[in-house]
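See structure below.
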There are 2 protein chains.
Amino acid sequence: MATLSDVARRAGVSPATASRVINGSSKPVTDELRERVLAAVAELQYVPNAHAQLLARSHRSAVGVIVHDVSDPYFAEITRGLQRVATDQGRLLMICNSYRDPDRELEYVELLRGHQVAALILAGSGYHDEAFTRQLNEKLAAYEATGGRVAVIGRHEHSGDAVMPDNRAGGYLAGRELCGLGHRAIGVIAGPRILTTTTDRLAGLRQALTEQGRELPERRIRYAEFDRDGGAEATARLLDADPELTAVVALNDSMAIGALATLRARGLAVPQQISVLGFDDMPIARDVTPALTTVRLPLVHMGVRAMSLVLGVGAPTPRVEVLPAELVRRDTAGPVPHSTRATAGSAPRARRGGTAS
Amino acid sequence: MATLSDVARRAGVSPATASRVINGSSKPVTDELRERVLAAVAELQYVPNAHAQLLARSHRSAVGVIVHDVSDPYFAEITRGLQRVATDQGRLLMICNSYRDPDRELEYVELLRGHQVAALILAGSGYHDEAFTRQLNEKLAAYEATGGRVAVIGRHEHSGDAVMPDNRAGGYLAGRELCGLGHRAIGVIAGPRILTTTTDRLAGLRQALTEQGRELPERRIRYAEFDRDGGAEATARLLDADPELTAVVALNDSMAIGALATLRARGLAVPQQISVLGFDDMPIARDVTPALTTVRLPLVHMGVRAMSLVLGVGAPTPRVEVLPAELVRRDTAGPVPHSTRATAGSAPRARRGGTAS
DNA sequence: TCCCTGCGGGAAAGGGCTTTCTCTGCGGTA
DNA sequence: TACCGCAGAGAAAGCCCTTTCCCGCAGGGA
């Protein structure tokens with residue numbers, strides 16, 4: 001691999017001069033030398049060693065991002081927003097997938113610190129886990145103490161800058177909508193219990209139901225992985241236990257799509273027999289059939305804001321931006337069926353009783 | 001930011017010893033010193049500077065990946081495969097999105113070279129563009145000359161290791177299926193003309209039709225962006241021009257989903273009135289309604305193979321692995337309707353004529 | 001008792017770049 | 001004519017690590 005001194009030697013100049021030409025330094029260099037250097041660069045296919053550069057330069061430019069999984073549409077959208085701002089400012093992004101593993105998250109914080117990123121963005125739900133939260137905060141504090149900037153998206157644990165989707169309000173919206181449509185037997189397929197996103201959304205939902213004199217008992221909640229298969233499976237369990245359900249709210253759209261699949265497999269018409277509500281409004285939501293009624297979160301905007309926060313000037317007080325959720329009515333939520341399926345519910349019930357046989 | 005010498009000083013040892021403890025060097029260090037160093041590391045929250053390490057160490061470990069867009073399910077799946085192998089081998093991945101911009105692709109090759117990656121993987125269609133191809137090959141050759149390994153996924157232009165999905169065979173499969181179902185008026189919504197993936201798939205399709213004594217005239221092809229909206233829009237244009245179409249094949253699943261949306265909006269029943277075929281079999285394909293009939297490509301496996309090629313021992317001869325395509329029959333392709341819609345076709349035609357008014 | 005061996009530790013040389021500082025030589029002023 | 005100032009180029013000092021090389025010392029064999 002050609003080095004700067006190779007280039008300098010070939011051009012018959014000092015490394016200092018070569019460096020100045022290549023980086024467009026403010027220090028003037030005569031045209032003749034400049035051209036000799038440029039020619040040498042081209043001939044040798046020289047590319048500066050990024051690590052040496054970062055070591056020599058003081059200022060750090062890259063930004064580290066830790067998400068659960070970029071290929072999950074939720075994070076893909078957020079990342080799009082992050083990218084947009086970063087690209088505008090000529091920043092390189094280092095994106096790491098934690099796959100919802102807290103230990104991996106901790107590791108990535110170290111790794112990114114080691115890579116001298118100028119800022120760190122953690123996106124995705126926090127965990128109900130004291131020990132982990134403390135450890136993470138320690139690490140983040142250490143990083144911030146050395147001048148690093150940190151912002152989180154959608155997690156409470158960090159005390160600094162944050163952009164927070166209003167998960168609770170979103171849950172509330174979902175609950176109110178279903179109540180308005182007359183539903184009483186509402187089931188929930190939720191993400192992992194340990195995620196704060198799950199509990200926040202659930203809390204909002206429960207609040208809405210309670211205000212309407214309805215309930216959300218634990219037996220009508222099923223926890224599963226926050227993805228399509230988790231949703232499909234949780235829906236099946238929910239239906240087996242409670243065949244008279246007239247609505248199921250999924251705590252994210254991927255799960256909702258899984259729910260739709262299970263419902264279709266069981267021959268239940270959506271929304272005529274049973275309503276489904278999603279959460280997030282990821283792009284595919286409008287393309288499933290029937291199109292998904294869901295709670296929209298401004299995902300791209302969340303990314304944009306977080307990156308702006310972290311790249312902008314530091315504020316004395318930590319800034320917390322709460323971004324509103326919004327209900328998007330499409331075709332999966334309808335009024336509660338007049339003849340509830342409770343009468344026909346004897347068949348599934350029989351099946352449950354049948355486990356004794 | 002604490003440095004190694006800070007740690008050494010605090011522990012009362014030399015930087016050499018500190019380094020040995022931290023990296024678990026083979027050289028023995030007494031337990032007492034080891035503990036002093038470890039304590040200092042913890043107290044100072046020391047994290048080694050990755051750039052300095054990479055500079056000091058000779059061996060390069062990270063792998064660079066250039067894709068069109070990780071959040072596109074096609075690349076998300078491939079990336080999953082790449083990740084799997086990379087993680088197994090303790091390699092860090094640097095993933096860059098070119099957003100199908102050739103210039104950006106060139107830039108990223110430089111950038112990754114500068115970051116001293118041990119290998120480079122380019123995934124995604126090549127371009128019908130001589131000048132670009134030549135430039136890219138020059139850059140790759142320069143990189144390989146310095147010991148870098150390169151593999152491409154799904155592009156012809158590179159002369160080295162490659163894993164190639166059999167796009168042409170896939171197109172052929174799609175064509176044969178449709179012919180078998182009796183379709184004659186087949187439209188195609190294709191990705192950008194400049195992509196080799198587009199032309200390969202098209203070529204296979206055309207071959208199948210020709211063999212069956214059918215044709216694929218240019219007027220039955222519409223080129224658009226390789227995404228959902230591109231597919232929706234191309235389908236609209238196609239239908240406007242040719243209302244008697246009984247089948248449309250989309251050159252990827254995202255476009256197929258767009259096609260489904262347009263068809264639904266126009267009240268055309270799939271597959272009763274019109275059949276739709278996709279390509280790729282991305283995960284969502286089975287969850288749209290009706291479930292998408294499509295040509296499956298082993299996306300994850302493609303990633304696995306490419307990474308294995310590049311991380312494995314070099315072969316004297318470039319290795320090209322062609323991975324087969326496979327037809328997945330679901331619910332969007334059916335037999336050609338008996339009463340062709342040609343009779344009802346007058347309405348759209350009238351609409352087109354109406355542009356004169 | 002002396003010498004050799006080997007272990008544990010430190011000194012120092014890079015690795016490739018940026019940047020400050022220094023030096024040379026030229027044009028311009030007194 | 002002597003001197004000052006400055007433009008343009010190079011020397012060299014880092015940046016933070018790893019790793020080779022070397023040294024001192026303790027223990028074992030002759």
Side-chain angles (χ1 to χ4, degrees), chain A residues 1-38 40-41 44-62 110-118 146-147, chain B residues 1-38 40-41 44-62 110-118 146-147:
Chain A
M1 196 93 181
T3 71
L4 184 65
S5 21
D6 295 336
V7 172
R9 201 172 315 123
R10 181 162 195 128
V13 301
S14 73
T17 303
S19 170
R20 290 198 262 261
V21 170
I22 290 168
N23 297 303
S25 143
S26 60
K27 194 142 193 188
V29 176
T30 33
D31 285 347
E32 198 213 321
L33 291 197
R34 172 183 312 283
E35 284 186 16
R36 293 224 304 265
V37 170
L38 259 18
V41 166
L44 296 175
Q45 296 255 35
Y46 170 73
V47 179
N49 182 321
H51 301 296
Q53 276 186 319
L54 268 87
L55 196 55
R57 280 203 251 269
S58 48
H59 87 229
R60 326 247 157 261
S61 150
E110 301 270 273
L111 183 115
L112 291 170
R113 251 186 89 191
H115 278 262
Q116 312 298 110
V117 292
T146 63
Chain B
M1 197 93 181
T3 72
L4 184 65
S5 22
D6 294 336
V7 171
R9 201 172 316 122
R10 181 162 194 128
V13 301
S14 73
T17 303
S19 171
R20 289 197 263 262
V21 170
I22 290 168
N23 297 302
S25 143
S26 59
K27 191 141 191 186
V29 175
T30 34
D31 284 348
E32 199 213 322
L33 291 198
R34 170 181 314 282
E35 283 187 15
R36 292 222 307 265
V37 170
L38 259 20
V41 166
L44 297 175
Q45 295 255 37
Y46 170 72
V47 178
N49 182 321
H51 301 295
Q53 278 187 319
L54 266 85
L55 195 56
R57 280 203 251 268
S58 48
H59 88 229
R60 325 248 158 261
S61 148
E110 300 272 89
L111 183 112
L112 291 170
R113 250 187 90 191
H115 278 264
Q116 312 297 111
V117 292
T146 63

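Just so we're on the same page: letters track the sequence lines, and every chain starts at 1.
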Is there a side-chain contact between [X] and the phosphate of [N], meaning an N or O under 4.0 Å from OP1 or OP2?
X       : N      : value
A/Gln53 : C/dG16 : no
A/Asn23 : C/dT18 : yes
B/Tyr46 : D/dC17 : yes
B/Ser19 : D/dT18 : yes

Length of the [atom1]-[atom2] vector between [X] and [N], whole Å:
X        : N      : atom1 : atom2 : answer
B/Leu54  : D/dT19 : CG    : P     : 11 Å
A/Gln116 : D/dC16 : CD    : P     : 8 Å
A/Leu44  : C/dG16 : CG    : C1'   : 15 Å
A/Asp31  : D/dG8  : CG    : C1'   : 13 Å
B/His59  : C/dG15 : NE2   : P     : 17 Å
A/Ile22  : D/dA9  : CD1   : C1'   : 16 Å
A/His51  : D/dT18 : NE2   : C1'   : 15 Å
A/Arg36  : D/dG8  : CZ    : P     : 15 Å

Nearest to the side chain of [X], heavy atoms from C-beta on, is which of [options]?
X       : options                : value
A/Ser14 : D/dA11, C/dG16, D/dC17 : D/dA11
B/Ala16 : C/dG16, D/dC16, C/dA11 : C/dA11
A/Thr17 : D/dA9, C/dG8, C/dC17   : D/dA9

Name of the residue among B/Val7, B/Val13, B/Leu38, B/Leu33 meeting side chain to side chain contact (heavy atoms under 4.5 Å, CB included) with B/Val21: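 Output: one option passes, namely B/Leu38.
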
Rounded at 0.5 Å granularity, tell me how far CZ in A/Arg36 sits from OG1 in A/Thr30.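 The CZ atom of A/Arg36 sits 8.0 Å away from the OG1 atom of A/Thr30.
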
Assign each of B/Gly12 and A/Leu55 the nucleotide of DNA chain C bearing its closest heavy atom; nearer the 5' end lies the nucleotide of B/Gly12

Comparing A/Lys27 and A/Ser5 on DNA chain C - which has the more 5′ nearest nucleotide: A/Ser5

Which residue lies toward the 5' end of DNA chain D, A/Arg57 or B/Ala56, if each is placed at its nearest nucleotide?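 Its nearest nucleotide lies further toward 5', so the answer is A/Arg57.
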
What's A/Leu33 touching, base or sugar-phosphate or nothing? Going by heavy atoms closer than 4.0 Å.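 Answer is sugar-phosphate: A/Leu33 comes under 4.0 Å of backbone atoms only.
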
Would you say the side chain of B/Arg20 and the base of C/dG8 hold a donor-acceptor pair, judged only by whether the two atoms sit under 3.5 Å apart? no

Correct closest heavy-atom pair for A/Met1 and A/Val47 would be CE-O, 4.4 Å

Where A/Gln116 and B/His51 come nearest, the two heavy atoms and their spacing: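 A/Gln116 and B/His51 have their closest heavy atoms at CG-CD2, 3.6 Å.
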
Test side-chain hydrogen bond (donor to acceptor under 3.5 Å, both in side chains) applied to B/Asn23 and B/Ser26, B/Ser25, B/Ser19, the passing residue: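 For B/Asn23, the side-chain hydrogen bond (donor to acceptor under 3.5 Å, both in side chains) check succeeds only for B/Ser19.
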
